[in-house]
There are 2 protein chains.
Amino acid sequence: MPSRAEAADMPADGAIEAPERLRRRASRLLSQMSVRSDRLITDGLARVDARKWHYAVLASLQEYGPGSQATLSRNTGIYRSDMVGVLNELAERGDVERTPDPGDRRRNVITITEQGRRHLRRLDDVLDDLHEELLAPLLPEERDQFVGMLRRLLDHHTQRTPPAP
Amino acid sequence: MPSRAEAADMPADGAIEAPERLRRRASRLLSQMSVRSDRLITDGLARVDARKWHYAVLASLQEYGPGSQATLSRNTGIYRSDMVGVLNELAERGDVERTPDPGDRRRNVITITEQGRRHLRRLDDVLDDLHEELLAPLLPEERDQFVGMLRRLLDHHTQRTPPAP
DNA sequence: TAGCTTCGTTCGTGGCACAAACGTTAGTCA
DNA sequence: TGACTAACGTTTGTGCCACGAACGAAGCTA
């Protein structure tokens, strides 16, 4: 795995100066920033042998209590098909337990373990640090505004268009 | 290609309610919002048979004048290897011209055509509308703040760590 | 009973950022 | 002049991710 900094022959990373037209477009800024953010988080979590989906699942379990994989999927935005693998990893580490639901034999009930809770706390700390780095250029008050706006945007674009009757 | 709204069996799209822990994390909001934004823009541009990279390239040419593919790559953040295809498409449509640089026979000089300029203006309009939709929940003043913050974040995370001497 | 939906799971797809390698051409400096 | 290094355009390939199709099993409704 070649270190990112020494790839002799790389292009645009130190983007010289993008056209003003592009620097004005929220969509572009969002997507570029998302790439960097993702890299920061993914790398940071990798250092403690975790992945972002682990955090999402553990956080959801902690907040809503045990649930089926489908519920978990809806709460985290991770697809059912991908959830399987994530839960395999978490179960293997002993962070969650997967047991068949006696009341509905289609379902599994996923429960967070004590160790899972510890890991969640740990990940929260790691993520706090990473976000400190991520949002470094913004004042504390601006960070709140930023998060608030993102939240409103996301909510707005997450509303389900109800199927016509 | 099944329409997005009728896929019988889809998961998390209308995310019921994500854990507060997740809704607080800028990284997650960014990445989710980036996905939606990307979809909005990609679909919107597809309706006029364009792709976002086209806009980036045309904007760069308009602002900085003709340039080599490498320069274009640096200005837009599109990798050299991907630039080839983008320019093929643009050349095919007659939006740019690719001619060998007489002064440096390694290079091609890419020039925007009159038609390219027209298309750029058209795309600018389309993008204006799409961004209106994208940023709908924000007041005009908030939009500026939002873009400003994104810009600062991106600049901060784009600074090149100079290789140790 | 028959016909729907939901669940967990497997497998597959398309798009994207990114990288390796190669032939070609320029610039550099002994 | 010749050898070395670096930039250019191009082809090909990789890994990751969001997403979808399909299926057997199980529950729900009439």
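So you know, we letter chains A, B, ... as the sequences are listed, proteins then strands, and number each from 1.
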Chemist: Please tell me which of Asp38(A) and Ser81(A) maps to the more 5' nucleotide of DNA chain D, matching each residue to the nucleotide holding its nearest heavy atom.
Modeler: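 Checking each residue's closest nucleotide, the 5'-ward one belongs to Asp38(A).
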Chemist: Between atom CD of Glu63(A) and atom CD of Glu20(B), what is the distance when rounded to the nearest 0.5 Å?
Modeler: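 Separation between the atoms: 6.5 Å.
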Chemist: Are Asp49(B) and Arg93(B) within salt-bridge range, i.e. N to O under 4.0 Å?
Modeler: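 The answer is yes: the pair qualifies as a salt bridge.
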Chemist: What is the distance, to the nearest angstrom, from the CZ atom on Arg36(A) to the C1' atom on dA17(C)?
Modeler: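 Roughly 11 Å, once rounded to whole Å.
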Chemist: Membership question, hydrophobic clusters at under 4.5 Å side-chain separation (ILVMFWY): are Met33(B) and Val35(A) in the same one?
Modeler: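 As far as the 4.5 Å side-chain criterion goes, Met33(B) and Val35(A) are not connected within one cluster.
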Chemist: Do any side-chain nitrogens or oxygens of Trp53(A) fall under 4.0 Å of OP1 or OP2 in dA18(D)?
Modeler: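 Trp53(A) to dA18(D) OP1/OP2: side-chain N or O found under 4.0 Å.
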Chemist: Given the rule that I, L, V, M, F, W and Y join up when any side-chain heavy atoms are under 4.5 Å apart, are Val126(B) and Tyr55(B) in one cluster?
Modeler: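 Same hydrophobic cluster.
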Chemist: Calculate the interatomic distance between Gln32(A) atom CD and dA17(C) atom C1'; express it in whole Å.
Modeler: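 That distance rounds to 11 Å.
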Chemist: Given side chains that start at C-beta, do those of Thr111(B) and Val96(B) come closer than 4.5 Å, heavy atoms only?
Modeler: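 Not in contact.
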Chemist: Starting at CZ of Arg80(A) and ending at C1' of dC7(C), how long is that distance when rounded to a whole Å?
Modeler: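 Atom-to-atom, Arg80(A) to dC7(C), this comes out as 7 Å.
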Chemist: Salt bridge or not between Arg151(A) and Asp144(A)? Use side-chain N to carboxylate O under 4.0 Å.
Modeler: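 Salt bridge between Arg151(A) and Asp144(A), a charged N being under 4.0 Å from a carboxylate O: no.
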Chemist: Give a yes or no on whether a salt bridge exists between Asp125(B) and Arg122(B), defined as a side-chain N under 4.0 angstrom from a carboxylate O.
Modeler: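 Here Asp125(B) does not pair with Arg122(B) in a salt bridge, since their nearest N and O are not under 4.0 Å apart.
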Chemist: What is the separation between atom CZ on Arg74(A) and atom P on dC19(D), rounded to the nearest whole Å?
Modeler: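 So the two atoms are 16 Å apart, to the nearest Å.
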Chemist: Contact list please: residues 83-104 of chain A against DNA chain D, heavy atoms, distance less than 4.0 Å, in numerical order.
Modeler: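 The stretch gives Asp104(A) as the residues lying under 4.0 Å from the strand, ordered by number.
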Chemist: Rounded to whole Å, please give me the gap between CD in Gln69(A) and P in dT10(C).
Modeler: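 After rounding, the reported distance stands at 10 Å.
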Chemist: Which of the following nucleotides, dG9(D), dG8(C), dA18(D), is nearest to the side chain of Ser68(B)?
Modeler: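 From the listed options, dG9(D) comes nearest.
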Chemist: Quick one: on DNA chain D, does Asp82(B) or Thr71(B) contact a more 5' nucleotide (nearest heavy atom)?
Modeler: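 That would be Thr71(B).
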Chemist: Determine whether a donor-acceptor pair (one donor, one acceptor, N or O, separation below 3.5 Å) exists between the side chain of Arg106(A) and the base of dA25(D).
Modeler: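 Looking at the base of dA25(D), it does not pair with any donor or acceptor on the side chain of Arg106(A) (distance under 3.5 Å).
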Chemist: Measure the distance from CZ on Arg107(A) to C1' on dT5(C) and round it to the nearest whole Å.
Modeler: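 It works out to 11 Å between those atoms.
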Chemist: Round to the nearest Å and state the distance from Arg39(A) atom CZ to dA19(C) atom P.
Modeler: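 Result: 8 Å.
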Chemist: Rounded to whole Å, please give me the gap between CD1 in Ile78(B) and P in dA19(C).
Modeler: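 Going from Ile78(B) (CD1) to dA19(C) (P), I get 16 Å.
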